[in-house]
Amino acid sequence: MQQHSVRHILQQLDGFYTRTEISVIAGLVLDEICSNKNTYLSGSELRKVEDIVRRLKNGEPIQYVLGKTEFYGMPFEVTPDVLIPRPETEELVEWILSENRQEGCSVLDIGTGSGCIAVTLAKKMTSADLHAWDISEEALRVASGNACLNGVSVRFSLRDILQPVEEYPGFDIIVSNPPYVTESEKKDMEMNVLDFEPHIALFVPDHDALLFYDRIAGAALKMLRCKGKIYFEINRGKGLEVCSMLHDKGFVNIELRKDISGNDRMVRAVK
Ligand code: GLN
């Protein structure tokens with residue numbers, strides 16, 4: 001019966017996903033649904049599997065269907081209120097961890113979404129003091145659930161970074177993966193991103209593509225201590241523009257790095 005269900009999933013998703021994707025999905029679904037792999041699926045388990053297949057055929061990302069994913073080897077819950085954490089963002093976290101091993105760092109993540117950056121940094125930099133902001137109350141609910149799930153403490157605040165910030169030169173690190181996809185890049189995006197992920201976390205107008213970078217860098221000048229660092233995930237087409245904006249604002253030691261696919265994807269700069 002269970003074998004029959006696996007086949008059932010495989011057959012129905014054929015044409016929607018590649019064979020490799022289907023076998024990964026089948027494994028995830030079975031892990032999630034089947035209480036005991038050696039027994040038959042119950043009627044309710046079978047109905048759940050069928051519902052999952054229906055949602056997947058509709059193009060919904062598996063992470064939303066299951067309500068969870070992994071980031072940096074840690075479990076994260078996700079809902080359509082937050083972006084699904086991406087591997088590029090793991091590379092940004094890796095960069096931060098590799099050069100900030102000092103005790104008692106104070107870190108702010110702006111636009112935390114699922115909390116993947118803040119929660120992972122809190123877990124790996126055990127003596128750090130983590131703060132995370134988002135404009136979405138729903139996202140903050142998901143993020144604080146993820147802090148709990150991973151047993152870390154992060155101070156979450158409902159904040160709009162487009163509003164002025166107070167002078168507070170207290171942070172050692174400010175990190176952000178803000179919206180950076182321009183409206184004109186929409187046409188090149190996968191439907192399962194476009195139709196299901198939150199547009200508020202993705203898009204910026206073509207005429208103001210660096211909107212969030214500019215505001216966050218400005219806020220960072222007020223909120224970073226002297227020699228504090230800023231880390232950004234960026235649109236692969238905007239590396240040089242982000243670097244030159246940071247240079248114009250007086251940041252130093254600006255470094256642009258590529259992701260594993262060879263695209264300009266992250267920037268670090270020092271106040
Ligand atoms: N990397 C995401 C994507 O390409 C975008 C993330 C963002 O806008 N911050 O879908």
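One-based numbering, in listed order, for ligands and for the atoms of each.
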**OP:** Please tell me if the side chains of Arg268 and Phe232 come closer than 4.5 Å, counting only heavy atoms from C-beta onward.
**Re:** no
Original post:
Pro87 versus Ile260: any side-chain heavy-atom pair under 4.5 Å?
Top reply: no
Subject >> Residue list, side chain to side chain contact (heavy atoms under 4.5 Å, CB included) with Asp81, at least two apart or on another chain >> reply: Thr79, Glu138
Original post:
Closer than 4.0 angstrom: is that true for some heavy atom of Gly111 and an atom of ligand 1?
Top reply: no
Original post:
What's the shortest distance from atom 8 (O) of ligand 1 to any protein heavy atom, and which residue and atom give it?
Top reply: Tyr180 N, 3.2 Å
Original post:
Tell me: protein heavy atom nearest atom 10 (O) of ligand 1, and distance?
Top reply: Arg86 NH2, 2.8 Å
Per-atom contacts of ligand 1 with [X], taking only distances under 4.0 Å to non-hydrogen atoms:
X      : answer
Pro179 : 8 (O)
Leu83  : 6 (C)
Pro178 : 7 (C), 8 (O), 9 (N)

**OP:** Say whether Met189, considering both its backbone and side-chain N or O atoms, lies within less than 3.5 Å of an N or O atom on ligand 1.
**Re:** no
Original post:
When Tyr231 is tested against each of Asn100, Ile174, Val267, Asn177 for side-chain contact (heavy atoms from CB on, under 4.5 Å), which residue passes?
Top reply: Asn100
Identify every side-chain donor-acceptor pair in residues 145-156 under 3.5 Å, counting partners at least two apart or on other chains, and give the distances.
residue, atom, partner, partner atom, Å
Asn146, OD1, Glu77, N, 2.6
Asn146, ND2, Glu77, O, 3.0
Asn146, ND2, Ser114, O, 2.9
Asn146, ND2, Val142, O, 3.4
Asn150, ND2, Pro75, O, 2.9
Asn150, ND2, Asn146, O, 3.0
Arg155, NH2, Asp129, OD1, 3.0
Arg155, NH2, Asp129, OD2, 3.3

Original post:
Does any N or O in the side chain of Arg236 come within less than 3.5 Å of the main-chain N or O of Asp264, such that one atom is a donor and the other an acceptor?
Top reply: no
**OP:** Tell me which part of Glu88 gets within contact of ligand 1: side chain, backbone, both or neither, using heavy atoms under 4.0 Å.
**Re:** side chain
